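Computed from a prediction, not measured in an experiment: that's the story for all the values here.
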Amino acid sequence: MDLMTHSSRFLLPDFPADNGSSQFYALVLLNQRIPRFTPLLWNHARLRVCADGGANRLYDELPQLFPDEQALAIRKRYKPDIIKGDMDSIRAEVLEFYTNLGTNTIDACHDQDTTDFHKCVAYICGLPNLENHNLCILVAGALGGRFDHEAGNTNVLCFFSTTRIILLSDDCLIQLLPSSHHHEIYIQSSVEGPHCGLIPIGIPSRSTTTTGLQWDLTDTEMRFGGLISTSNIVKGEIVTVRSDSDLLWTISIKKA
């Protein structure tokens, strides 16, 4: 079984955008409150996409993170590359503003079977000359608000299970650990932890084994209605995970 490594280095302020490697970060903004570290994610990303009403959040909330600067200057500086979705949430003046700045808008109202987030991920994964194994999609505003939205966002992780997608809020991140690999998670202790969790998704886990946690699992069965690993604590610099089912990994994000 192949090894998959994970790191939240994109939360570090001194982490260069290209990292001297071929890692390709794409940022997707959804229609929930954007995290305080969104400008940092923006700087690391090589593609920035707003999912429909996510453009409203960018327009309204990002200037609040720069109270000493003029809002118009911030809005011009942080111009998304793409706005895609049903276009039923974005305000007309926001759409006009970014269109005039050169943002490409893609109206996908013909597709009512998938969420705007799903549409944006499909668009990114379909870009030509993009090596999918080096792609990592950071999703701001993915958590909080209505639970059905959160469940839909989590479903996107499962639908695109071979793509690295990380859901982010001010409080935590969530990503899928597919059972096709075993996993090494490099903990960035200055910005994340110590609280974490591992949650089976799709089907129960008959056997999960970890190292690096305060309460490690050893061939442990996990399922809803039984044991799931919540309120665990990272103890080392590396957490390892092996499981016979897909798991959601979540870890808290420290306040500045």
Notebook entry, point to check: Given Ile201 and Cys158, is the side-chain contact (heavy atoms from CB on, under 4.5 Å) satisfied, shown in steps?
Noted result: CA-CA 8 Å; Ile201 188 74; Cys158 299; 3.6 Å; yes
Item checked: Donor-acceptor pair, side chain of Asp116 and main chain of Asp86, under 3.5 angstrom -> yes
Notebook entry, point to check: After noting the C-alpha distance and the side-chain angles of Lys255 and Asp171, does the key distance pass the salt bridge (charged side-chain N to carboxylate O under 4.0 Å, His left out) rule?
Noted result: CA-CA 8 Å; Lys255 304 294 185 182; Asp171 300 305; 2.9 Å; yes
Check: Partners of Glu69 by salt bridge (charged side-chain N to carboxylate O under 4.0 Å, His left out), sequence neighbours excluded?
Finding: Arg77
Note to self: Rounded to the nearest 0.5 Å, what separates atom CD1 in Ile238 from atom OG in Ser7?
What the structure shows: 10.5 Å
Next item on the list: May I ask you to check whether over 12 heavy atoms, not counting those of Arg242, lie within 6.0 Å of atom CZ?
Entry: no
Item checked: Partner residues of Arg57 under the salt bridge (charged side-chain N to carboxylate O under 4.0 Å, His left out) criterion, sequence neighbours left out -> Glu61
Checklist line | Any side-chain heavy-atom pair of Gln70 and Pro63 under 4.5 Å | finding: no
Checklist line | Listed partners of Asp246 passing salt bridge (charged side-chain N to carboxylate O under 4.0 Å, His left out), at least two apart | finding: none
Note to self: Tell me every residue that passes side chain to side chain donor-acceptor pair (under 3.5 Å) with Thr211, counting only those two or more places apart in sequence or in another chain.
What the structure shows: Thr240
Notebook entry, point to check: Looking at Ile253 and Ser169, what are the two nearest heavy atoms and their distance?
Noted result: CD1-O, 3.6 Å
List the atom pairs, with distances to 0.1 Å, where a side-chain N or O of residues 144-152 and a protein N or O form a donor-acceptor pair under 3.5 Å, not counting sequence neighbours.
from: Arg146; atom 1: NE; to: Asp148; atom 2: OD1; distance (Å): 3.0
from: Arg146; atom 1: NH2; to: Asp148; atom 2: OD1; distance (Å): 3.4
from: Arg146; atom 1: NH2; to: Asp148; atom 2: OD2; distance (Å): 2.5
from: Glu150; atom 1: OE2; to: Gly144; atom 2: N; distance (Å): 2.5

Check: Does any N or O in the side chain of Thr220 come within less than 3.5 Å of the main-chain N or O of Thr218, such that one atom is a donor and the other an acceptor?
Finding: yes
Check: When you measure from the centre of the six-membered ring of Tyr59, is the NZ or CZ of Arg75 under 6.0 Å away and within 45° of the axis?
Finding: yes
Notebook entry, point to check: Which atoms form the tightest heavy-atom contact between Met87 and Ile83, and what is the distance?
Noted result: CE-O, 3.4 Å
Notebook entry, point to check: Should Ile82 and Tyr98 count as side-chain neighbours, where that means a heavy-atom distance under 4.5 Å?
Noted result: no
Margin query: To the nearest 0.5 Å, what is the distance between CZ on Phe24 and CG on Leu127?
Written below: 7.0 Å
Checklist line | Interatomic spacing from CZ in Arg36 to CG in Asp170 - rounded to 0.5 Å | finding: 4.5 Å
Item checked: Heavy-atom closest pair, residues Thr103 and Pro80 -> OG1-O, 2.7 Å
Notebook entry, point to check: What class does the angle between the rings of Tyr25 and His44 fall in, given that below 30° is parallel, 30 to 60° is tilted and above 60° is perpendicular?
Noted result: tilted
Item checked: Those residues that, when tested against Ser229, pass side chain to side chain donor-acceptor pair (under 3.5 Å) (two or more places apart) -> Asn232
Check: Between His118 and Phe160, is a side-chain contact (heavy atoms from CB on, under 4.5 Å) present by the stated rule, with each step listed?
Finding: CA-CA 9 Å; His118 184 120; Phe160 296 94; 3.7 Å; yes
Note to self: Tell me every residue that passes side chain to side chain donor-acceptor pair (under 3.5 Å) with Asp244, counting only those two or more places apart in sequence or in another chain.
What the structure shows: Ser205, Arg206
Notebook entry, point to check: Does Ile233 sit in a hydrophobic cluster with other residues, and if so which ones, taking ILVMFWY side chains as linked at heavy-atom separations under 4.5 Å, directly or through other members?
Noted result: Trp215
Item checked: Criterion side-chain contact (heavy atoms from CB on, under 4.5 Å) on Asp107 and Thr105, from CA distance to verdict -> CA-CA 7 Å; Asp107 188 337; Thr105 60; over 6 Å; no
Checklist line | Side-chain heavy atoms of Leu173 within contact of Thr250, under 4.5 Å | finding: no
Next item on the list: Identify whether Leu95 and Leu58 are in the same connected component of the hydrophobic contact network (ILVMFWY, side-chain heavy atoms under 4.5 Å).
Entry: yes
Notebook entry, point to check: Linking I/L/V/M/F/W/Y whenever their side-chain heavy atoms sit closer than 4.5 Å, directly or via other members, would Leu3 and Leu177 fall into one cluster?
Noted result: no
Check: For the atom pair CG (Asn31) and OG (Ser89), what is the distance rounded to the nearest 0.5 Å?
Finding: 5.5 Å
Check: Out of curiosity, does Ile174 fall in the hydrophobic cluster containing Phe159 (side-chain heavy atoms, cut-off under 4.5 Å, transitive links)?
Finding: yes
Next item on the list: Please identify each residue that fulfils ring pair (Phe, Tyr, Trp, His ring centres under 6.0 Å) with Tyr123, with sequence neighbours left out.
Entry: none
Notebook entry, point to check: Can any side-chain N or O of His181 pair as donor or acceptor with the backbone N or O of Ser179 at less than 3.5 Å?
Noted result: no
Next item on the list: Check Arg33 against Gln64 and note the closest heavy-atom contact, atom names and distance.
Entry: NH2-OE1, 3.7 Å
Next item on the list: Determine, step by step, whether Glu184 and Met4 satisfy the side-chain contact (heavy atoms from CB on, under 4.5 Å) criterion, reporting the C-alpha distance in whole Å, the side-chain angles of both residues, the deciding distance to 0.1 Å, and the verdict.
Entry: CA-CA 6 Å; Glu184 289 183 353; Met4 182 179 289; over 6 Å; no
Item checked: Within one Ile-Leu-Val-Met-Phe-Trp-Tyr cluster: Ile203 and Phe224, side-chain cutoff 4.5 Å -> no
Notebook entry, point to check: Can you tell which of Leu30, Val28, Leu143 makes a side-chain contact (heavy atoms from CB on, under 4.5 Å) with Leu167?
Noted result: Leu143
Check: Do Leu27 and Leu138 have side chains that get closer than 4.5 Å, going by heavy atoms?
Finding: yes
Check: Should Leu247 and Met222 count as side-chain neighbours, where that means a heavy-atom distance under 4.5 Å?
Finding: yes
Checklist line | Any residue meeting salt bridge (charged side-chain N to carboxylate O under 4.0 Å, His left out) with Arg91, in chain and number order, not counting sequence neighbours | finding: Asp60, Glu93
Note to self: Counting only heavy atoms from other residues, nucleotides and ligands, does the tally under 6.0 Å from CD of Gln214 exceed 12?
What the structure shows: yes
Notebook entry, point to check: If we only count heavy atoms from C-beta on, is the Thr208 to Thr210 side-chain gap below 4.5 Å?
Noted result: yes
Check: Below 4.5 Å, heavy atoms only, C-beta onward: do Ile166 and Ile137 meet side chain to side chain?
Finding: no
Next item on the list: Could you tell me the separation between the CG atom of Leu135 and the CZ atom of Arg46, rounded to the nearest 0.5 Å?
Entry: 10.0 Å
I'd like a table of donor-acceptor pairs (distance under 3.5 Å, sequence neighbours excluded) in which one partner is a side-chain atom from residues 190-200, with atom names and distances.
from: Glu192; atom 1: OE1; to: Ser8; atom 2: OG; distance (Å): 3.0
from: Glu192; atom 1: OE2; to: Gln188; atom 2: N; distance (Å): 2.8

Next item on the list: Under the ring pair (Phe, Tyr, Trp, His ring centres under 6.0 Å) rule, collect the residues that match up with Tyr78, sequence neighbours excluded.
Entry: Trp42, Phe66
Margin query: Between His6 and Gln175, do the side chains contain a donor N or O and an acceptor N or O under 3.5 Å apart?
Written below: yes
Check: What is the minimum heavy-atom distance between Ile165 and Val121, and which atoms define it?
Finding: CD1-CG1, 3.9 Å
Note to self: Is it the case that over 12 heavy atoms from other parts of the model lie below 6.0 angstrom from the NZ atom of Lys76?
What the structure shows: no
Margin query: Please give me the minimum heavy-atom distance between Gly236 and Ile187, naming the atom from each residue.
Written below: O-CG1, 3.9 Å
Item checked: Rounded distance [0.5 Å steps], OG in Ser245 versus CD in Glu221 -> 10.0 Å
Checklist line | Connected via hydrophobic side-chain network under 4.5 Å: Leu12 and Leu168 | finding: yes
